[in-house]
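Within every chain, numbering begins at 1; the chains are lettered A, B, ... in the order of the sequence lines, protein sequences first and strands thereafter.
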2 protein chains.
Amino acid sequence: MTSETYKKPDYEKALRKAGIRITRPRRVILSILGETDDHPDALEIFRRAVAIDSSISLSTVYRTMKLLEGLGAIHRHAFEGGPSRFEQAVGEHHDHLIDMESGDVIEFHSEKIEQLQNEIARELGYEIVHHRLELYGRRIK
Amino acid sequence: MTSETYKKPDYEKALRKAGIRITRPRRVILSILGETDDHPDALEIFRRAVAIDSSISLSTVYRTMKLLEGLGAIHRHAFEGGPSRFEQAVGEHHDHLIDMESGDVIEFHSEKIEQLQNEIARELGYEIVHHRLELYGRRIK
DNA sequence: CTCCATGCAAAGTGTTTGCATGCTC
DNA sequence: GAGCATGCAAACACTTTGCATGGAG
């Protein structure tokens, strides 16, 4: 991604509307989330944030992630054996394929699988609130 | 499930064959795992173990779980927002539906979903090593 | 009688929180 | 100015580990 004027929801405006103060740390963190396509963890976000403003603390990163998660602006993923990783909540729902070697995350979506999940839950007498589907795999040579 | 003489793989024999010592704590923990149908966490296993032999320590529970996991005798599940929960590795592979209110776990299996997962991974150039599919839901009244 | 397994306490990891201060609205 | 947000350090929940002792083979 070279262009920066791409999909960039205006979170600042949205947050302000939600009565949330736009502070320097929040602005920095939002800009980081807006520009990445990967799924960084809190420490990685912290590192990138510190590079922009060295006074930002890790607690603020965690607090901001929690805040944004509550607003539905980001999603938190707890992939196996690692810290939570975050992504901006833009676009459609999707699931994840995790490259076990590199940790890279590939997004995918299957309407068929979603339907099957709903059927299964219904048969068991449940309605799904949310689900988690993660494929852990290796690149085929 | 009322009968206790049901599916009960002889883990002691298997462990002995693997060159692993059968100690009192291990015997106790194995008996607990063999008799439960739920998905207890380490602390719950510890509680049940202490009721049988009060000298067992939580570290031993954790160590034993790790050992058994390595041997493929149990599976570890990290459901959302809680400690790892364990289950005996008997029977076929299955996925889990978690009752968000009670924490109860219902097992299910869908061959169709498994196939779709494989197709998706293949298309992305990956082979699946394992996957995680969890449905979080509420009972329909 | 040799090692592996244990209990205990301490350390480790990722995350949250209390508190005094600082900055947005 | 009023009150939310911050940095810092301490607390937290879960899990692992070092070490000296104990017990299975």
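Atom CZ in A/Phe46 sits about 8 Å away from atom P in D/dC8, given to the nearest Å. Rounded to whole angstrom, the span from the CZ atom of B/Arg27 across to the C1' atom of C/dC4 amounts to 16 Å. Separating the CD atom of B/Glu12 from the C1' atom of D/dG25 is a distance of 15 Å, rounded to the nearest angstrom. Put simply, CD on A/Glu69 is 12 Å from C1' on C/dT15, counting in whole angstrom units. Here D/dT16 presents its P atom at 13 Å from CG of B/Leu67, a figure rounded to the nearest Å. In this structure, A/Leu30 atom CG and D/dA5 atom C1' are separated by 14 Å, rounded to whole Å. Here D/dG22 presents its C1' atom at 15 Å from CD1 of B/Ile56, a figure rounded to the nearest Å. One can place CG of B/Leu58 at 14 Å from P of D/dT17, the figure rounded to the nearest angstrom.
Of the candidates C/dC8, C/dT6, D/dT15, C/dT6 carries the atom nearest the B/Arg26 side chain, counting heavy atoms from C-beta on. The B/Thr23 side chain lies nearest to C/dT6 when the options are D/dT15, C/dC19, C/dT6. In this structure, of C/dT24, D/dT6, C/dG7, it is C/dG7 that holds the atom nearest to the side chain of B/Ser55.
Between A/Arg24 and C/dC23, a side-chain N or O to OP1/OP2 separation shorter than 4.0 Å is absent. Contact annotation: B/Lys66 reaches the phosphate of D/dT16 (side-chain N/O to OP1 or OP2, under 4.0 Å). Under 4.0 angstrom from either OP1 or OP2 of C/dT15 there lies at least one side-chain N or O belonging to A/Ser84. Contact annotation: B/Tyr62 side-chain N/O to D/dT15 OP1/OP2 distance is under 4.0 Å.
B/Glu12 has a carboxylate O that lies under 4.0 Å from a charged side-chain N of B/Arg27, or vice versa, which qualifies the two as a salt bridge. The pair A/Asp104-A/Arg138 fails the salt-bridge criterion, with no side-chain N (NZ, NE, NH1 or NH2) lying under 4.0 Å from an Asp/Glu carboxylate O.
Between A/His96 and A/Phe79, the distance separating the two ring centers is shorter than 6.0 angstrom.
Using a 4.0 Å heavy-atom criterion, one finds that A/Arg16 contacts the sugar-phosphate atoms exclusively.
Between B/Arg132 and A/Tyr136 the shortest heavy-atom distance is NH2-OH, 3.8 Å.
By the 6.0 Å contact criterion, CZ on A/Arg47 is enclosed, its count of non-hydrogen atoms from other residues, nucleotides or ligands being greater than 12.
Taking for each of B/Thr60 and B/Arg21 the nucleotide of DNA chain C with the nearest heavy atom, the 5'-most of the two is the partner of B/Arg21. The residue among B/Ile22 and B/Arg63 whose nearest nucleotide of DNA chain D is located toward the 5' end is B/Arg63.
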